[in-house]
Amino acid sequence: MSPTVLTVVGARPQFIKAAPVSRALAEAGFQELLVHTGQHYDPSMSEVFFIELGLSVPWRNLAVGSGKHGAQTAAMLVALEAAIEEAQPDVVLIYGDTNSTLAGALAASKLHVPVAHVEAGLRSFNRRMPEEINRLLADAVSTWCFVPTEVARGHLLAEGVDPKRVHWVGDVMADAVRLFQAQAPTPELGLGGGPYALSTLHRASLVDQPEVLANAWQALNGLAELMPVVVPLHPRTAGAIAQLGLPAGPHLRVLPPQPYLSMLGLLKGAEVVVTDSGGLQKEAYLVGRPCVTMRDETEWTELVSAGWNVLVGERPTPERLQGAVAAFSGWSRSQGDLYGDGHAARRIVEALQASGVGV
Ligand code: UD1
């Protein structure tokens, strides 16, 4: 009988990360049962990714939806426990640092099903971020910690994690870029092919504090005086901006959430990326664009060390943001291999097989 992997996904970046791994699992003869927690449910945040990335229809959709952390995670935990008991998988595969990741880690480990954590070892060292709590706990109970970088490996070893649990594989988002970037459409923005900045904001600490969001929005409007700013908006951010009645100046181009391929196209065409997202910082590098990060710290410190990313803090003045963007003017560098060679998924499957799963 082929070995069974139960994969837990729920939020937009997890669909992207799962795509290359699902392919590699299928090629190696694994049976994969995809469980969608329903954390993201708008078609533009979920369904469109399944279609574009060729992910299989979820075996179960837990339809948990939005909620406060306790309620959302608890609802996932209850439903995941039942799904894991029913499926009796050999491995539960989890991605990243969302509430879906944590629920998968807890449900599986308490049922004594080994957990494989993809994108393990990331740390912001800011425990006020829900993602930091999710990562710490997921790594603590995972049998396989699949790290994307040597920095991430170092964090786990510093925490006393048994080195045998830590496997460097590279970053699965590099796999996704390798697999899909040829399909990315050239954006049609009506900007006459001129330079633009691409910006996203969605993190709770930025969006849920009105004065922080108002400041960020003002900074983006200030940047837009330098060059047009294209802003695909997460529904959470769109809601908060509407509620606060924050105005968008004439050069701020607000878009709905973008599918993966369109986002890759927008990234490739951008002069610079301005974001509070973890994933986008990395994707910018993977397509050769520099990034200005509106946060006080980042998990992806190697990008900062290598000069590809600069932190301007969560509350930059318009001048600070303009200055950081201007400093990247004419940026052209070929990227190295900070995130591996685009074959992380294959290494993940090989590591599972080497541990006796699926052999
Ligand atoms: C979640 C992750 C974050 C990840 C992000 C990727 C946690 C704690 N956070 O943040 O790490 O970077 O996904 O996008 O797991 N909403 C909709 N439609 C949707 C989904 C959400 O309108 O399809 C709105 C709801 O108002 C909801 C809010 O967005 O309350 C926040 O959604 P939630 O899933 O809790 O967190 P994200 O901000 O998406």
Side-chain angles (χ1 to χ4, degrees), residues 8-19 36-50 53 58 61-77 80 94-106 117-120 122-124 126-139 172-173 176 199-210 212-213 216 231-244 255-260 263 273 275-284 291 293-295 297-300 314:
V8 180
V9 290
R12 185 168 58 174
Q14 292 167 333
F15 311 140
I16 299 165
K17 291 168 194 168
H36 188 332
T37 62
Q39 178 170 352
H40 286 175
Y41 44 86
D42 285 353
S44 64
M45 298 286 285
S46 175
E47 193 185 351
V48 67
F49 290 84
F50 278 74
L53 300 167
N61 188 325
L62 310 179
V64 160
S66 301
K68 292 174 76 174
H69 287 276
Q72 188 186 52
T73 312
M76 291 174 187
L77 196 52
L80 277 170
I94 55 173
Y95 291 92
D97 54 19
T98 73
N99 291 344
S100 300
T101 314
L102 174 61
L106 282 179
H117 184 201
V118 178
E119 209 180 69
L122 273 285
R123 297 291 181 265
S124 67
N126 174 1
R127 290 201 180 188
R128 293 179 62 83
M129 289 176 70
E131 292 85 358
E132 184 77 351
I133 307 296
N134 294 342
R135 292 177 195 123
L136 282 161
L137 297 176
D139 285 340
V172 290
M173 286 176 82
S199 181
T200 72
L201 302 171
H202 79 279
R203 228 163 253 289
S205 63
L206 194 150
V207 173
D208 294 350
Q209 299 187 72
V212 183
L213 179 59
V231 198
L233 271 193
H234 186 295
R236 165 187 218 139
T237 319
I241 282 172
Q243 203 175 12
L244 297 173
L255 303 179
Q258 294 296 298
Y260 181 61
M263 200 64 189
V273 175
T275 191
D276 68 348
S277 153
L280 213 63
Q281 292 174 47
K282 227 168 23 183
E283 283 173 325
C291 183
T293 300
M294 267 208 229
R295 282 180 52 193
E297 76 282 302
T298 179
E299 298 79 21
W300 306 104
E314 205 167 52

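Owing to the predicted nature of the structure, the values given are computational and were not obtained by experimental measurement. Order of listing sets the numbers, starting from 1, for every ligand and every atom in it. The figures here come from the full heavy-atom set of this structure, side chains too, leaving out hydrogens, waters and symmetry mates.
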Any salt bridge linking Arg203 with Asp208? Criterion: basic side-chain nitrogen under 4.0 Å from a carboxylate oxygen. no
Test item, Pro13 contacting ligand 1 (heavy atom, 4.0 angstrom): yes
Give the atom numbers and elements of ligand 1 that come within less than 4.0 Å of a heavy atom of Met45. 23 (O)
Indicate yes or no: does an N/O atom of Glu131 lie under 3.5 Å from an N/O atom of ligand 1? yes
Contact check: Asp42 vs ligand 1, nitrogen or oxygen atoms, below 3.5 angstrom: yes
Identify the residue among Ile241, Leu255, Leu201 that makes a side chain to side chain contact (heavy atoms under 4.5 Å, CB included) with Leu233. Ile241
Atoms of ligand 1 under 4.0 Å from any heavy atom of Asp97, numbered from 1 in the order shown, are 11 (O)
For His234 and His40, take the angle between the two ring planes, folded into 0 to 90°, and tell me which bin it lands in: parallel under 30, tilted 30 to 60, perpendicular over 60. perpendicular
Below 4.0 angstrom from a heavy atom of Ala11, which ligand 1 atoms are there? Numbered from 1 as shown, please. 13 (O)
Near His69 (heavy-atom distance under 4.0 Å), the atoms of ligand 1 are 8 (C)
In terms of atom number and element, which parts of ligand 1 are under 4.0 angstrom from non-hydrogen atoms of Pro235? 17 (C), 18 (N), 22 (O)
Below 3.5 angstrom, do we get any N/O pair linking Arg236 and ligand 1? yes
Quick one: does Ser100 get an N or O within less than 3.5 Å of an N or O on ligand 1? no
Please work out whether any backbone atom (N, CA, C, O) or any side-chain heavy atom from C-beta onward of His40 is under 4.0 Å from ligand 1, and answer side chain, backbone, both or neither. both
For atom 4 (C) of ligand 1, which protein heavy atom lies nearest, and how many Å away is it? His202 NE2, 3.8 Å
